[in-house]
Amino acid sequence: MKLVYFAWVRERIGRAEEETEAPDDVATVGDLVGWLRKRGPEYESAFATGAVVRAAIDRRHVKPDAAIAGAREIAFFPPMTGG
Amino acid sequence: MKLVYFAWVRERIGRAEEETEAPDDVATVGDLVGWLRKRGPEYESAFATGAVVRAAIDRRHVKPDAAIAGAREIAFFPPMTGG
Amino acid sequence: MAVRLQREPFDLGAEVARLTEGRSDTGAVVTFSGLCRDRADSGARLVSLTLEHYPGMAEEELSRIEAEARSRWPIVDALVLHRYGRILPGEPIVLVVTLSPHRAAAFEAAQFLMDYLKTSAPFWKSEETDEGEAWVASKSTDDAAADRWRS
Amino acid sequence: MAVRLQREPFDLGAEVARLTEGRSDTGAVVTFSGLCRDRADSGARLVSLTLEHYPGMAEEELSRIEAEARSRWPIVDALVLHRYGRILPGEPIVLVVTLSPHRAAAFEAAQFLMDYLKTSAPFWKSEETDEGEAWVASKSTDDAAADRWRS
C-alpha cells in the first residue's frame, strides 16, 4: 500500500510518499491514522488531535470510516485551498 | 412636447417622432395614450387594448399614472428585448 | 466603471485585459457574453438579428443599472457593453464584466446586471428568418429573473 | 467538455474563442477567472503563490465536478482550467467557462463548478510574503458555498 502526503502534511511527515503494510486490525482510514501516529513524532505532528487532515483512497475523497482493504494508494492532505 | 416611438410602436404609428401639444385635461401618460388613440387608426393599432406599451418621460421609465406636466420628451415602446 | 454602445463586434479577451491590466487587487472576474443564436424564437433558421435602441436613454439606463449594482456589491470595476444594428448568428450581442475581491459578489453582480438589462434597457430585437422579419416578444422568465432582486 | 492543468498562464479570450468557434447554438457564455491578489490572507504584501496539486487525482476530481455540473444544467460545453506551480500577483490561477442556450444555466453551472472546485479539487496554496512562507488556511465560507448545492 502506497501512502502519499501533500502540503503541510507532507512537510510535517518529511516525505511525499512511502510504501507501508499496516497490521490486519487496521481496517479503516481512521484506524490507519491512529496506527501512523504511533510511528513517530513526525506522524504525531501531522495527525495531531485538532489538525484537520483529509484522506483519499485511490484518488477519491473518503471519510475516516472508509475501509482500506484493497486500497492501492491512500493520500493524506489538508483541506483544499485551490481555485 | 416631443413624442418618440420605437420598434413595433414606431412601425404601427408610421413615424419615429413628432411634436405635439395635448389638451390641458391630458394630465398623465395614461391620459395621453387615451387621447392619442382617438387621433387615427395608426395610433389605435399601436395602443390597442391588450397591446403592452411601455413609456418613458425624459429617458426614465414611468407608469401610466405618471404626470406629463413639464415633460420634454415622452417615449412609447414595447417591452424591452435586449441583452 | 463603464457603459458602452457600439455597432461593431467586441473582443472579450481585449475588454477583460483592459479592465484587469495593472491591477492586482481583484480576486474574481466574471464575464457574461450573450451570443446571437442560429434559431429564431419560432424555431425557424435565423438569418440575422437587428437591434434597435433608444439613443441617449439606452446609455443612461445602463449607467443607472450599473450604479445600482455598485451600490449592492463590492465591485472594483465593471463594464456593460451592448451592440446595436445588424448582428449575425454566432456574433456577440452583449457583454457584462464584473471585477471584485470576492467571487460571490462578482457572480451576483453580473447576474443582476444581465437580469436588469434584459427588462429595463431600451433595446428591441427584430429577427429575420426565411419566413420574414418579426419583433421578438419579451419573456416572462426575464421579468421573473429581474423581480428576484427586488426586496 | 474539458479539464486542463497547466503551469503556464492562460489567455481568456483565446480559450473562449476556441470553445465558441464555429457554433451558433449557444446563447450564453459565462466565464470566471480567479486572479492572484497582491495581499496575503494575513494582509502582508504577497510576493508569490505556489500551488501544489495531487497529480492524477486533480484531473479526475475536476472531471467528476464537471460531469456533475453537466448532469444538473443544460451545458453545451465547458472548460475547467487550473494552474499549478508559482504564480505572481495579478496572474490568473483558475478559469471556468460554461456555454449554454440559457443564461441562468450558464451562470449557475459556473458558480457550482467554482464552489465545488474550491472545496474538493486537490490543490493547496502556499503564500510567500516578506514575512516568509505559509500555507493558506481553508475558508468556512467556501464550505458554505459548496454546501448550498447539496439538496
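Everything quoted here is computed from the prediction, not taken from an experiment. FYI, side chains are in, hydrogens and waters are out, and symmetry mates aren't considered; it's all heavy atoms of this structure. All chains are named by letter (A, B, ...) in the order of the sequence lines, taking the proteins before the strands, and each is independently numbered beginning at 1.
Among C:Gly22, C:Ser33, C:Pro101, the residue making the largest number of heavy-atom pairs under 4.5 Å with chain D is C:Ser33. The candidate from D:Leu88, D:Asp115, D:Asp11 with the greatest count of non-hydrogen atom pairs under 4.5 Å with chain C is D:Asp115. Chosen from D:Gly90, D:Cys36, D:Gly27, D:Ala106, the residue pairing most often with chain C at heavy-atom distances under 4.5 Å is D:Gly27. Looking only at heavy-atom pairs under 4.5 Å with chain D, the residue among C:Ile93, C:Val97, C:Val16, C:Val30 that has the most is C:Val30. Counting heavy-atom pairs closer than 4.5 Å to chain D, the top residue among C:Pro89, C:Ala145, C:Ala28, C:Ala17 is C:Ala28. Interface check for chain D: of the options C:Val96, C:Leu12, C:Thr141, C:Thr26, the most heavy-atom pairs under 4.5 Å are formed by C:Thr26. Between chain C and the options D:Ala110, D:Ala104, D:Ala14, the largest number of non-hydrogen pairs under 4.5 Å is found for D:Ala110.
For D:Arg39, no part lies near chain C; criterion is any non-hydrogen pair under 4.5 Å. Interface remark: C:Thr31 contributes backbone and side-chain atoms alike to the contact with chain D (heavy atom separation under 4.5 Å).
A 4.5 Å side-chain heavy-atom check between C:Pro92 and C:Arg83 finds at least one atom pair inside the cut-off. With contacts defined as side-chain heavy-atom distances shorter than 4.5 Å, the pair C:Arg23/C:Asp77 qualifies.
Using a cutoff of 4.0 Å between basic side-chain nitrogens and carboxylate oxygens, D:Arg45 and D:Asp130 are scored as salt-bridged. Ion pairing between C:Arg70 and C:Glu66 holds under the 4.0 Å rule for side-chain N and carboxylate O. Electrostatic pairing of C:Lys125 and C:Asp41 does not count as a salt bridge here, judged by no charged N lying under 4.0 Å from a carboxylate O. A salt bridge links C:Glu15 with C:Arg4: at least one charged nitrogen is closer than 4.0 Å to a carboxylate oxygen.
Annotation for C:Glu21: atom CD does not count as buried by contact number, only 12 or fewer foreign heavy atoms lying within 6.0 Å.
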